[in-house]
Amino acid sequence: MKRRTAILISGRGSNMVSLIEAAAAPGFPAEIALILSNRPDAGGLARAAAAGLATATIDHKAYPDRESFERALDEALTQAGIELVCLAGFMRVLTPWFVERWTGRMLNIHPSLLPAFRGTHTHERALAEGVLIHGCTVHFVVPELDAGPIVAQAAVRVLPGDTPETLGARVLAQEHVLYPQALRMVAGGLVRLENGRVVRALGGG
Ligand code: GAR
């Protein structure tokens, strides 16, 4: 049985598209059952609808506080029978209440080799630090921002003359490969979270 998966977005949704494309393969262990955006103008919503997927917007601005927004989010996910959640450029900080409800069942992708460069402007900061290797990380979501047990990482060499844009573009290309691989492993049961640690079966990265 394919695991019913929701993708949460706030923007253009290029990682979302890579997950949708991967999940269209017959043997893929997850099906994308819902695309949820917190922004009505997220470009990814149109791309998801064009792919024939169910979409919904839960506009955080329509709620008085973080928790009532998250209760609406949780209700939409539960109603759609969602088992796994992929954050893909979802730019809302989630409360411990929500994160704990989805512990071990919620992934995020971040454009750096965590634990380096949590937060925003990761490519600028990587260049400013002079690192030679940069990359991206898929991790299980924990209450702490851009932290959490690592499912998979991909490394990118920093090249002479790189700008945040050129470096970011090479990292993004790796994100599009990495996130489907990570979802495949988690949905297929090859990687799971146990007592706060990642447990890998043979073939789980
Ligand atoms: C991606 O680079 C993703 O790693 C990053 O936002 C971008 C979304 O692009 N996420 C974060 O920075 C989360 N901390 P996309 O909408 O084209 O997938």
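In listed order, ligands and their atoms are each counted from 1. The structure presented is a predicted model; accordingly, all values stated were derived computationally and were not measured.
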With a cut-off of 3.5 Å and sequence neighbours excluded, list every side-chain donor-acceptor pair involving residues 132-150.
unit_1: His134; atom_1: NE2; unit_2: His123; atom_2: ND1; d: 2.9
unit_1: Thr137; atom_1: OG1; unit_2: Ser112; atom_2: O; d: 2.7
unit_1: Thr137; atom_1: OG1; unit_2: Leu114; atom_2: N; d: 3.0
unit_1: Thr137; atom_1: OG1; unit_2: Gln153; atom_2: NE2; d: 3.0
unit_1: His139; atom_1: ND1; unit_2: Ala147; atom_2: O; d: 2.9
unit_1: His139; atom_1: NE2; unit_2: Asn108; atom_2: ND2; d: 3.2
unit_1: Glu144; atom_1: OE2; unit_2: Arg118; atom_2: NH1; d: 2.9
unit_1: Asp146; atom_1: OD1; unit_2: His110; atom_2: ND1; d: 3.4
unit_1: Asp146; atom_1: OD2; unit_2: Gly119; atom_2: N; d: 2.7

Among all residues two or more places apart in sequence or in another chain, which pass the salt bridge (charged side-chain N to carboxylate O under 4.0 Å, His left out) test with Arg71?
-> Glu67
Measuring from each atom of ligand 1, which residues have a heavy atom under 4.0 Å away?
-> Arg12, Gly13, Ser14, Asn15, Gly89, Met91, Ile109, His110, Pro111, Asp146, Leu172, Glu175
Under the 4.5 Å side-chain heavy-atom rule for ILVMFWY, direct or indirect, which residues accompany Leu172?
-> none
More than 12 heavy atoms from other groups under 6.0 Å of CZ on Arg39 = no
Polar side-chain atom of Arg4 near backbone of Leu34 as donor-acceptor pair, under 3.5 Å | no
Within 6.0 Å of CZ in Arg200, more than 12 heavy atoms from elsewhere | yes
